[in-house]
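Worksheet: the structure to be examined is printed underneath.
All values derive from a computational prediction rather than experimental measurement.
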Amino acid sequence: TGDTGQGARTWIKQILNQDMAFQHIKVIYPTAPARPYTPMKGAFSTVWFDRYKISNDCPEHIESIDSMCQGLTDVINDEIKNGIAKNRILIGGFSMGGGMAMHLAYRFHQDLAGVFALSSFLNKDSAVYQALKRNESVLPELFQCHGTADELVLYSWGEETNKMLKSLGVSTSLHTFPNLNHELSRTEIEKLKTWIVKKLPVEAAKTN
């Protein structure tokens, strides 16, 4: 919350001492629009959606989540128009960004290559779970990371999200980082990079 796409890029660059770049993959860092954010007493912040409170035990602010899913669908569709196959697109994020990615993929874009969620969670009665209860198709794989010392988004919330999604047919992994608070670590980003390349390998040269 409160950061921008450019801020996230800079943060990752500081952790890795270099940009997170791939020769064959384009990385996009979208920025959430500014909106009043209830946990900050209605102050404006760049957040993907509103929350009634920072807890996994309250209703989701579905109206703001859904309007953002529409906006981010435009970003995905732009890439498809530029010739990127949909099953070659991964989405993910840190904290609220990871929650956003799970809503976007598992409710509206079940044919994406995969989803990553770092220090993220879904509420107990999430619309994501409701959507997956009715689902028959093969779902994008989930790569999840969470620090056990996270004081903002509890590790147990991330773990519960992982178990729920797994029980609903999502192929998931949960990487646990002891002593990591609500932040990113170098090991975590390196693991994420490895997973990204595994999900989006270099395509063999197309022969005519």
Side-chain angles (χ1 to χ4, degrees), residues 1 3-5 7-13 15-16 18-22 24-32 48-49 56 65 68-69 72-73 75-76 79 84-122 126 128-129 131-132 138-148 150 152-155 157-166 168-177 180-201:
T1 44
D3 206 349
T4 62
R9 181 183 178 173
T10 305
W11 192 22
I12 288 171
K13 197 172 178 173
I15 293 168
L16 292 178
Q18 60 182 32
D19 232 335
M20 182 159 82
F22 307 87
H24 66 295
I25 304 169
K26 174 180 169 187
V27 182
I28 302 171
Y29 294 91
T31 296
W48 288 113
F49 47 87
N56 71 342
I65 292 172
M68 209 59 247
C69 283
L72 288 165
T73 291
V75 177
I76 292 171
E79 292 309 305
I84 308 290
K86 197 162 179 195
N87 65 0
R88 297 276 301 172
I89 296 175
L90 286 170
I91 60 169
F94 172 76
S95 194
M96 198 175 222
M100 191 71 238
M102 291 187 278
H103 273 273
L104 191 59
Y106 295 122
R107 292 176 57 213
F108 300 104
H109 299 280
Q110 296 180 345
D111 46 354
L112 290 169
V115 181
F116 62 90
L118 316 175
S119 312
S120 305
F121 74 102
L122 292 170
S126 178
V128 174
Y129 302 149
L132 293 182
V138 177
L139 297 158
E141 184 186 327
L142 175 68
F143 176 93
Q144 216 179 327
C145 296
H146 215 115
T148 57
D150 196 327
L152 184 70
V153 175
L154 302 185
Y155 176 78
W157 301 353
E159 191 177 39
E160 193 177 304
T161 299
N162 194 280
K163 282 181 181 153
M164 272 299 288
L165 290 172
K166 190 171 267 179
L168 292 164
V170 178
S171 168
T172 69
S173 58
L174 175 58
H175 303 268
T176 302
F177 295 84
L180 187 69
N181 201 326
H182 197 63
E183 58 196 337
L184 295 171
S185 79
R186 182 167 184 152
T187 323
E188 180 182 20
I189 302 297
E190 296 288 5
K191 271 190 176 170
L192 173 61
K193 281 183 73 174
T194 304
W195 179 77
I196 288 172
V197 175
K198 190 184 87 193
K199 296 307 292 178
L200 302 178

**Message:** Which heavy atom of Y129 sits nearest to which heavy atom of E160, and what is that distance?
**Reply:** OH-O, 4.5 Å

**Asked** At what distance, to the nearest 0.5 angstrom, does CZ of F116 lie from CD1 of I91?
**Response** 9.0 Å

**Request:** Would you mind reporting whether V153 and S95 have side-chain heavy atoms less than 4.5 Å apart?
**Result:** yes

**Request:** Output all residues satisfying side-chain hydrogen bond (donor to acceptor under 3.5 Å, both in side chains) with K191, sequence neighbours left out; order by chain, then residue number.
**Result:** none

**Request:** Answer whether the closest heavy-atom distance between the side chains of S120 and M102 falls below 4.5 Å.
**Result:** yes

**Message:** Any heavy-atom pair between the side chains of P201 and R88 that's under 4.5 Å?
**Reply:** yes

**Prompt:** Does the side chain of T176 come under 3.5 Å of the side chain of H146 through a donor N or O and an acceptor N or O?
**Reply:** no

**Message:** Are V27 and D19 packed together at the side-chain level, in the sense that at least one heavy-atom pair is separated by less than 4.5 angstrom?
**Reply:** no

**Message:** Checking T148 now: which residues fulfil side-chain hydrogen bond (donor to acceptor under 3.5 Å, both in side chains) with it, not counting sequence neighbours?
**Reply:** none

**Item:** Side-chain heavy-atom pair W157, L122 within 4.5 angstrom cut-off
**Value:** no

**Request:** On the 0 to 90° scale, with breaks at 30° and 60°, tag the W11-F94 ring pair as parallel, tilted or perpendicular.
**Result:** perpendicular

**Asked** Rounded to the nearest 0.5 Å, how far does CD1 of I189 lie from NZ of K13?
**Response** 14.5 Å

**Message:** Just to verify, what does S126 make a side-chain hydrogen bond (donor to acceptor under 3.5 Å, both in side chains) with, not counting sequence neighbours?
**Reply:** E60

**Message:** Just so I know, are the side chains of I65 and R107 near enough to count as touching, which here means a heavy-atom distance under 4.5 Å?
**Reply:** yes

**Prompt:** Heavy-atom distance under 4.5 Å between the side chains of I76 and L104, does that happen here?
**Reply:** yes

**Prompt:** Checking T10 side chain against A8 main chain: does a donor-acceptor pair fall under 3.5 Å?
**Reply:** no

**Request:** May I ask you to decide if R186's main-chain N or O and E190's side chain share a donor-acceptor pair within less than 3.5 Å?
**Result:** no

**Message:** As an exercise, state the distance from NZ of K166 to CG of L142, rounded to the nearest 0.5 Å.
**Reply:** 9.5 Å

**Prompt:** Below 4.5 Å, heavy atoms only, C-beta onward: do K193 and F22 meet side chain to side chain?
**Reply:** yes

**Message:** Taking G158's backbone N and O only, do any of them form a donor-acceptor pair with Q144's side chain (distance below 3.5 Å, no angle check)?
**Reply:** yes

